[in-house]
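These values consider heavy atoms only, across backbone and side chains, with no hydrogens, waters or symmetry-generated copies.
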Amino acid sequence: MKFLIILALAVAASALPEPELHHRSREMPVVGSIEGRITGGVAASVGQFPYQVGLSLKISALSSGFCGGSLISSTYVLTAAHCTEGVQSVTVYLGATVRTSAEVTSTVSSSNILIHSGWNSATLKNDISLIKIPAVSYSNRISAVELPAVANSYSTYAGDKAIASGWGRISDSSSSVATNLQYTTLDVITNAVCAATYGSSIVTTSNICVATTNGKSTCNGDSGGPLVLESSGVQIGLTSFGAAAGCEKGYPAAFTRVTSYLDWIKSNSDL
C-alpha cells in the first residue's frame with residue numbers, strides 16, 4: 001500500500017503560535033513544517049562532522065524554523081529547497097556541535113539564496129538550494145564536505161552504508177529540535193523498494209532512499225542536512241522527506257540525490 005502523505009523534514013521553531021507550513025497536492029497531501037531530526041541516533045563529538053551546518057530561518061516577524069545543511073565550499077552551503085522557500089533571511093551556524101554554540105555565525109538575506117528553478121512543492125521534485133555566505137576560514141571544526149566526482153555514470157549506492165546527521169527531533173514524541181548534534185548510520189536501499197511505499201511518481205532517479213530499521217531515521221529538523229557514505233565521507237544525499245505517519249515507524253526516508261545535481265551545483269556556486 002503506497003503512502004500518499006509525505007512529511008517534508010523541516011521543523012517550526014517559533015516561540016509564538018503559528019500554522020505549520022504545508023506542502024500540498026491534490027493527489028498527495030504533504031504535511032510538514034520547517035524542521036528535522038535524527039531518531040535513534042548517537043551524539044556527535046566535537047569536530048566529527050565539520051561540514052554540518054545549522055540553519056535558523058526567519059519566515060516572518062512572528063515565525064521561524066530550523067533546518068540542516070552542508071558546507072560545500074568556503075562560501076556556499078547546500079540545503080533543501082523546502083527549507084529556504086519563502087524565508088526572509090537565514091542565520092548559518094558553522095562549527096557547532098551544541099546547536100546554540102557555533103564557531104562562526106553569519107546571517108544573510110533571501111537574495112543570497114538560490115532555489116532550484118524546477119523546485120515543485122507539490123511533488124518535492126528538485127528539493128535543493130544553495131546559500132551564499134561570507135567566506136569562512138577552515139578549522140578543525142569547519143571544513144567543506146566532499147561531493148561526488150563528475151562521472152559519466154554513478155553507482156546507485158544501494159547496499160552501501162551512509163551517515164545522516166542533524167539537530168532534528170530525536171523521537172516522534174519530541175516537541176523541539178535537539179540541542180546536541182546527532183548522527184546515525186543507515187543502509188541505502190534501491191529506489192524500487194522506496195517506491196513501493198511512496199510510489200514511482202514520487203521516488204524518481206533524482207532521489208536516494210534509506211531503510212529506517214530499529215527506530216533509526218532522519219526526522220523533522222534534519223531537512224537539508226547531509227547523507228554521506230560511511231566509507232569515504234562523500235555526500236550523496238540531502239534530507240528531503242519521509243512518511244507523515246512518523247519517523248520511527250520504519251518507512252523509508254528519502255533524500256535528494258546529489259549526483260543528479262552536480263552540474264547545477266557547479267554552475268551556481270564557486271566549485
Side-chain angles (χ1 to χ4, degrees), residues 8-14 18 20-23 30 32-36 51-96 99 102 104-136 142 144-145 147 165-168 177 206 218 220-227 235 237-241 255-258 260-271:
L9 294 179
V11 357
S14 175
E18 61 171 3
E20 288 189 334
L21 301 180
H22 294 282
H23 302 295
V30 178
S33 58
I34 294 188
E35 195 177 320
Y51 50 79
Q52 178 74 47
V53 173
L55 303 174
S56 180
L57 307 153
K58 182 181 179 182
I59 302 163
S60 70
L62 299 179
S63 63
S64 61
F66 189 85
C67 275
S70 57
L71 188 68
I72 61 170
S73 77
S74 62
T75 54
Y76 278 92
V77 169
L78 184 67
T79 188
H82 78 261
C83 286
T84 55
E85 183 178 36
V87 305
Q88 295 180 0
S89 63
V90 55
T91 300
V92 180
Y93 298 93
L94 300 156
R99 179 170 49 85
V104 175
T105 303
S106 296
T107 299
V108 298
S109 69
S110 59
S111 63
N112 287 58
I113 298 171
L114 178 66
I115 296 175
H116 194 287
S117 61
W119 160 239
N120 186 321
S121 60
T123 62
L124 298 181
K125 291 292 182 295
N126 302 307
D127 192 9
I128 189 170
S129 64
L130 287 164
I131 303 170
K132 187 175 183 180
I133 61 172
V136 63
I142 301 173
V145 70
L147 299 182
S165 52
W167 286 276
V177 292
S206 61
T218 51
N220 303 97
D222 290 322
S223 281
L227 180 74
Q235 184 174 353
L238 59 95
T239 302
S240 183
F241 65 85
F255 300 75
T256 301
R257 187 181 291 268
V258 171
S260 296
Y261 296 95
L262 286 175
D263 288 342
W264 181 84
I265 293 169
K266 292 179 184 298
S267 296
N268 293 287
S269 70
D270 56 0
L271 293 184

Asks: Measuring from T79:OG1 to I113:CD1, what's the distance to the nearest 0.5 Å?
Replies: 9.5 Å

Asks: Which heavy atom in G69 sits nearest to a heavy atom in V77, and how many Å separate them?
Replies: CA-CG1, 4.3 Å

Asks: Classify the angle between the aromatic ring planes of W119 and H82 as parallel (below 30°), tilted (30 to 60°) or perpendicular (above 60°).
Replies: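 Ring orientation of W119 relative to H82: tilted.
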
Asks: Y76: what forms a ring pair (Phe, Tyr, Trp, His ring centres under 6.0 Å) with it, not counting sequence neighbours?
Replies: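 Partners of Y76 by the ring pair (Phe, Tyr, Trp, His ring centres under 6.0 Å) criterion come out as none, since no residue qualifies.
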
Asks: Among all residues two or more places apart in sequence or in another chain, which pass the side-chain hydrogen bond (donor to acceptor under 3.5 Å, both in side chains) test with N268?
Replies: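 Here no residue qualifies.
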
Asks: Does the side chain of I115 reach to within under 4.5 Å of the side chain of E85, using non-hydrogen atoms?
Replies: yes

Asks: In chain order, what residues pass the side chain to side chain contact (heavy atoms under 4.5 Å, CB included) check against T91, with sequence neighbours excluded?
Replies: S56, Y93, T105, T107

Asks: How long is the straight-line distance from CD1 of I142 back to CG of L94, given to the nearest 0.5 Å?
Replies: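 Output value for this atom pair is 5.0 Å.
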
Asks: With sequence neighbours left out, write down each residue that passes side-chain hydrogen bond (donor to acceptor under 3.5 Å, both in side chains) with S260, or none if nothing qualifies.
Replies: none

Asks: Looking only at non-hydrogen atoms, find the nearest pair between S60 and Q88 and report the distance.
Replies: CA-NE2, 3.6 Å

Asks: Of all heavy-atom pairs between V136 and L71, which one has the smallest distance, and what is that distance?
Replies: CG1-CD2, 4.2 Å

Asks: About how many Å separate OG1 of T75 and CD1 of I131, when rounded to the nearest 0.5 Å?
Replies: 12.5 Å

Asks: What are the two closest non-hydrogen atoms of V258 and G237, and how far apart are they?
Replies: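 Minimum heavy-atom separation between V258 and G237: CG2-N, 3.5 Å.
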
Asks: Heavy atoms, side chains only, cut-off 4.5 Å: are R99 and F66 in contact?
Replies: yes

Asks: Distance check, rounded to the nearest 0.5 Å: K266 atom NZ versus L147 atom CG?
Replies: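 Those atoms lie 6.5 Å apart.
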
Asks: Mind checking the CG-OG spacing from L57 to S64? Nearest 0.5 Å is all I need.
Replies: 8.0 Å

Asks: Evaluate the criterion side-chain contact (heavy atoms from CB on, under 4.5 Å) for residue pair I72 and L130; output intermediate values, then yes/no.
Replies: CA-CA 10 Å; I72 61 170; L130 287 164; 3.8 Å; yes

Asks: For T239 and T218, does a side-chain donor sit closer than 3.5 Å to a side-chain acceptor?
Replies: no

Asks: For the CG atom of L227 and the CZ atom of F255, what is their distance to the nearest 0.5 Å?
Replies: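 Separation between the atoms: 4.5 Å.
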
Asks: Would you check if L271 and I265 make a side-chain contact, meaning some heavy-atom pair closer than 4.5 Å?
Replies: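 Sidechains of I265 and L271: in contact.
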
Asks: For T256, what residues pass the side chain to side chain contact (heavy atoms under 4.5 Å, CB included) criterion, not counting sequence neighbours?
Replies: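 Checked T256 against side chain to side chain contact (heavy atoms under 4.5 Å, CB included); matches are D127, I128, L238, S240, Y261.
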
Asks: Give the minimum heavy-atom separation between G68 and L55, together with the two atoms involved.
Replies: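 Taking G68 first and L55 second, the nearest heavy atoms are O-CD1, 3.4 Å.
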
Asks: Apply side-chain hydrogen bond (donor to acceptor under 3.5 Å, both in side chains) to S110 and list each qualifying residue two or more places apart in sequence or on a separate chain.
Replies: none

Asks: Work out which heavy atom in G224 is nearest to a heavy atom in C83; give both atom names and the distance.
Replies: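 The answer is N-SG, 4.3 Å.
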
